[in-house]
Amino acid sequence: MSEPLILSSQSGAVRLLTLNRPAALNSFTSAMHAQLLAALDDAAGDAAVRCVLLTGAGRGFCAGQDLADPMVAPDLAPGASPKDLGQVITRFYKPLVLRLRSMPVPVLAAVNGVAAGAGANLALNCDLVLAARSASFIQAFSKIGLMPDTGGTWLLPRLVGRGRALGLALLADKLGAEEAERIGLFWKCVDDAALAGDALALAQRLAALPVKALVATRQAIDDAQLLSLEDALDLEARVQRTLGQAQDYQEGVAAFAARRAPQFTDR
Ligand code: T3D
């Protein structure tokens, strides 16, 4: 049997998913897309999972679309029709981003090496990103005549502002992890040797938090970008009403009063 393209393992309440095509820097084929989506669906449907940790095997995190995949590689034969990349996005990248951003648990990316093209935006779609200090982020699209996808056009200006988003997207330069952290592209860099341990510890910490509230926070922060202040305040009232009726709120307040650690269970 061939090696799985997504490795999956469980550590307590954390589901660790590892992109596993290291010889091609974990770039996406249609088979890897299918396996990643299935692995995310499985984690979403498993009540024992309270956080997903996503990383890459080998020296890279993900180099984006596999450019040798016949699905996208231009056919150079005379008269051959061009590939429909719009379909590739609609069929693979859009469902992936929507799946990630609707996960019922927080998703943490541990970026262990280069993250390029759709691979960079895959990481940036996660709720938190830890990156090895030697890792790098490249909006590689313009180098091959494309524009950012996998949510890049939506995410980048929100993360770093229009000016930097355009700088990253137009020039497609390699951005080192320390500089990327400095400009606010993601949460934090750590020493290379500490990445795996620190990421698992952070994932376990997230899993012990009230994940239903964390997921509602992700959704409300995204939704609020498109709302007036008044509408955002109304949204906060609606979501807080729901959270206030959930078990975790009772548990959080009871634990505070009893000066003990809370045991959150909602998902
Ligand atoms: O469907 C569509 O096309 C639309 C959707 C697009 C989404 C996208 O992601 S478009 C952007 C695609 N990605 C890229 O353009 C990045 C291409 N890769 C690179 O620029 C470089 O590999 C890196 C900067 C990421 C890393 O450079 P380096 O020097 O550390 O490694 P390398 O030697 O270039 O790569 C190592 C191996 O991985 C190499 O294979 P080999 O020679 O050892 O057998 C290389 O060919 C392979 N590899 C790297 N990236 C890809 C890849 N193979 C296929 N597809 C890749 N994207």
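Since the model is a prediction, treat every value here as computed from it, not as a measurement. Scope of the values below: all heavy atoms of this structure, side chains included, with no hydrogens, waters or symmetry mates. Whatever order the structure lists ligands and atoms in, that order sets their numbers, starting from 1.
- Geometrically, ligand 1 and L67 share a nitrogen or oxygen pair separated by less than 3.5 Å.
- Contacts between A63 and ligand 1, counted as non-hydrogen atom pairs separated by less than 4.0 Å, involve both the backbone and the side chain.
- The nearest protein atom to atom 23 (C) of ligand 1, hydrogens excluded, is given as L25 CD1, 4.3 Å; this is a heavy-atom distance.
- The heavy-atom pair separating N121 from N125 by the smallest distance is O-ND2, 2.8 Å.
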For this session: Carefully, step by step, assess Q10 and L16 under the rule side-chain contact (heavy atoms from CB on, under 4.5 Å).
Result: CA-CA 6 Å; Q10 187 82 13; L16 173 62; over 6 Å; no

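- Distances below 4.0 Å separate heavy atoms of G64 from the following atoms of ligand 1: 9 (O).
- For atom 41 (P) of ligand 1, the nearest protein heavy atom lies 4.0 Å or farther away.
- Within the 4.0 Å heavy-atom criterion, the part of V88 lying near ligand 1 is the side chain and not the backbone.
- For atom 20 (O) of ligand 1, the nearest protein heavy atom is 4.0 Å or more away.
- For the pair H33/L96, a side-chain contact is recorded, criterion being any heavy-atom separation below 4.5 Å from C-beta on.
- Enclosure of atom CD in Q225 by more than 12 non-hydrogen atoms of other residues, nucleotides or ligands within 6.0 angstrom is indicated.
- The part of L85 lying near ligand 1 is the side chain, judged by heavy-atom distances below 4.0 Å.
- Not one N or O of I144 is nearer than 3.5 Å to an N or O of ligand 1, by distance alone.
- Protein heavy atoms are found less than 4.0 angstrom from atom 55 (N) of ligand 1.
- Closest to atom 57 (N) of ligand 1 among all protein heavy atoms lies Q65 O, 2.8 Å.
- Residue contact check: I138 has heavy atoms under 4.0 Å from atoms 24 (C) of ligand 1.
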Exercise. Yes or no on side-chain contact (heavy atoms from CB on, under 4.5 Å) for Q65 and S27, after CA distance, side-chain angles and deciding distance?
Worked result: CA-CA 5 Å; Q65 172 62 43; S27 52; over 6 Å; no

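- Shown here, atom 3 (O) of ligand 1 is in close reach of the protein: a heavy atom of it lies under 4.0 Å off.
- We find that R15 and D42 are joined by a salt bridge, their nearest charged nitrogen and carboxylate oxygen being less than 4.0 Å apart.
- When only modelled atom types and interatomic distance are considered, Q247 and T265 share no side-chain donor-acceptor pair under 3.5 Å.
- Crowding of R158 atom CZ: a count of heavy atoms from other residues, nucleotides or ligands under 6.0 Å exceeding 12.
- A donor-acceptor pair shorter than 3.5 Å cannot be found between the side chains of T29 and D69.
- Taking every heavy atom of V72 and a limit of under 4.0 angstrom, the matching atoms of ligand 1 come to 1 (O), 2 (C), 3 (O).
- Contacts between F141 and ligand 1, counted as non-hydrogen atom pairs separated by less than 4.0 Å, involve the side chain only.
- Within 4.0 Å of atom 46 (O) of ligand 1, not a single protein heavy atom is present.
- D66 has a carboxylate O that lies under 4.0 Å from a charged side-chain N of R21, or vice versa, which qualifies the two as a salt bridge.
- At a heavy-atom cutoff of 4.0 Å, ligand 1 is contacted by the side chain of D149 but not by its backbone.
- Set against the non-hydrogen atoms of A23, the atoms of ligand 1 under 4.0 Å away are 37 (C), 38 (O), 40 (O).
- With a 4.0 Å heavy-atom cut-off, ligand 1 is reached by the side chain of R59 but not by its N, CA, C or O.
- Atom 48 (N) of ligand 1 has as its closest protein heavy atom A24 O, 4.0 Å.
- Criterion: ILVMFWY side-chain heavy atoms under 4.5 Å apart, direct or through other members. Under it, I138 and L122 are not part of a common hydrophobic cluster.
- A single hydrophobic cluster is not seen to contain both F264 and V14; linkage of ILVMFWY side chains at heavy-atom distances under 4.5 Å, directly or through other members, places them apart.
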